[in-house]
Amino acid sequence: MESYYVLLNLLIPIILLVLGYLIGTLLEKRHFESLRDREKKLLDTPVVTFDELDPATNPDFAYFQRTEFAQGSVVVSVDYFKQFLAGLRNIFGGRVSSYETLIDRARREAVLRLKESVPGANGIANMRIETATLSGSGLGAVEVYAYGTALYESALTCATDSGQTM
Amino acid sequence: MEKTVILSTLQTIPGRTIREHYGLVSGSTIRAKHVGRDFAAGLKNIFGGELKGYTELLQESRSEATERMIAQAEQMGANAIVNIRYATSAVAPGAAELFAYGTAVFTE
């Protein structure tokens with residue numbers, strides 16, 4: 001009976017590792033594919049991190065009539081297998097590549113959601129990215145919040161109108 | 001659309017002139033995790049991927065912080081908040097603080 005418990009204690013993490021690896025890899029691959037697709041569609045909406053919008057200093061921006069606050073956020077977690085890998089990596093130090101993909105996915109998704117939230121916009125100025133880790137309970141999750149100001153050429157005041165005219 | 005305070009991450013609002021400057025406004029909220037959501041998130045954590053419950057939770061909290069900032073600006077008589085920034089910090093295990101701040105102005 002006791003050996004059964006020992007076996008079970010070993011088996012559960014191994015099953016979780018295998019499941020995490022297989023399903024996690026598949027989900028990540030799909031996510032990256034969807035990210036690439038959606039990024040291609042939204043290429044014509046430029047996102048910049050500066051805010052030189054004063055017509056006196058930057059005449060390019062003089063024609064923007066309306067602005068709107070826009071945001072996008074996402075919480076992404078790593079799978080069990082990658083968490084395990086990162087744990088091993090902690091012993092020797094060095095690049096934790098399993099977490100690099102996590103951060104990459106989260107940032108790109110957040111910026112995409114920011115862009116998708118303002119379909120009729122000509123561009124987004126002064127974009128900022130905020131990253132937070134969710135503490136406690138051993139979650140390997142990060143939250144990324146992207147926010148900025150959407151710029152519109154038209155002076156329409158109704159957000160849904162601009163969405164339809166695009 | 002109802003008349004609301006204009007929010008902007010820019011220093012100015014295109015097509016408008018800043019007439020009056022009311023100074024800093026801020027709003028913050030501290031949110032703890034939900035047990036049910038935490039359980040679901042723990043399961044989800046095996047496979048990785050988006051934790052929708054948390055995305056929503058943080059989004060709600062952030063809009064609450066924003067609402068508080070807006071309320072403060074309205075009290076001052078402002079009709080816009082410019083140069084808005086957000087900050088997030090983990091104050092206690094399982095709780096996050098979401099902080100929004102900006103400059104309240106009156107524009108025409």
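Just so it is clear, the values below take in all heavy atoms, side chains as well, and ignore hydrogens, waters and symmetry mates. In what follows, chains are A, B, ... by sequence order, proteins preceding strands, each numbered from 1.
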- Item | Evaluation steps, side-chain contact (heavy atoms from CB on, under 4.5 Å), between A:Asn126 and B:Arg85 | CA-CA 10 Å; A:Asn126 214 355; B:Arg85 293 289 178 272; 3.6 Å; yes
- Task: Answer with yes or no whether the hydrophobic clustering places A:Ile12 together with A:Phe84; edges join I, L, V, M, F, W, Y residues whose side-chain heavy atoms lie under 4.5 Å apart.
- Result: yes
- Message: How long is the straight-line distance from CD1 of B:Ile6 back to OG1 of A:Thr67, given to the nearest 0.5 Å?
- Response: 6.5 Å
- Task: Please flag which part of A:Arg30 lies under 4.5 Å from any non-hydrogen atom of chain B: side chain, backbone, both or neither.
- Result: neither
- Which atoms of B:Leu7 approach chain A - backbone, side chain, both or neither, heavy atom under 4.5 Å: both
- Query: Are A:Leu35 and A:Val74 linked, directly or through other ILVMFWY residues, by side chains that come within less than 4.5 angstrom of each other?
  - Reply: no
- Should we count OH of B:Tyr22 as having more than 12 external heavy atoms under 6.0 Å? yes
- Item | Pairwise side-chain contact, B:Glu50 with A:His31, heavy-atom cut-off 4.5 Å (strictly under) | no
- A:Leu19, part contacting chain B, at a heavy-atom distance under 4.5 Å: both
- Is a donor on one side and an acceptor on the other found under 3.5 Å between the side chain of B:Tyr86 and the backbone of A:Glu130? no
- Query: Is A:Leu22 linked to A:Leu16 within one hydrophobic cluster, defined over Ile, Leu, Val, Met, Phe, Trp and Tyr using a side-chain heavy-atom separation of less than 4.5 Å?
  - Reply: yes
- Message: Is it the case that atom CZ in B:Phe99 sees more than 12 heavy atoms from other parts of the structure closer than 6.0 Å?
- Response: yes
- Note on the structure: Closest non-hydrogen contact found for A:Ser73 with B:Gln59 is OG-OE1, 2.6 Å
- Heavy atoms, side chains only, cut-off 4.5 Å: are A:Tyr145 and B:Thr88 in contact? no
- Query: chain B heavy atoms under 4.5 Å from A:Glu109: which part of the residue, side chain, backbone, both or neither?
  - Reply: neither
- Message: At a 4.5 Å cut-off on heavy atoms, which part of B:Arg62 comes close to chain A: side chain, backbone, both, or neither?
- Response: side chain
- Over all heavy atoms of both residues, which pair between A:Ile23 and B:Phe47 is shortest? Give the atoms and the distance, please. CD1-CE2, 3.5 Å
- Item | Region of A:Val78 that comes under 4.5 Å of a non-hydrogen atom in chain B | backbone
- Note on the structure: Scanning both residues in full, the closest heavy-atom pair of B:Thr9 with A:Ala125 reads OG1-O, 3.7 Å
- Query: Is B:Gln75 atom CD crowded by more than 12 heavy atoms from other residues, nucleotides or ligands, each under 6.0 Å away?
  - Reply: no
- Query: Is it true that A:Leu8 and A:Leu17 fall in one hydrophobic cluster, defined by side-chain heavy atoms closer than 4.5 Å?
  - Reply: yes
- Task: Please report the closest heavy-atom contact between B:Gly48 and A:Leu27, naming both atoms and the distance.
- Result: O-CD1, 3.8 Å
- Task: Treat each ILVMFWY residue as a node, draw an edge where side-chain heavy atoms are under 4.5 Å apart, and state whether A:Leu42 and A:Phe32 are in one component.
- Result: yes
- Hey, is A:Glu143 close enough to B:Arg31 for a salt bridge, meaning N to O under 4.0 Å? no
- Max heavy-atom pair count under 4.5 Å with chain B, selected residue of A:Gly24, A:Gly148, A:Ala106: A:Gly148
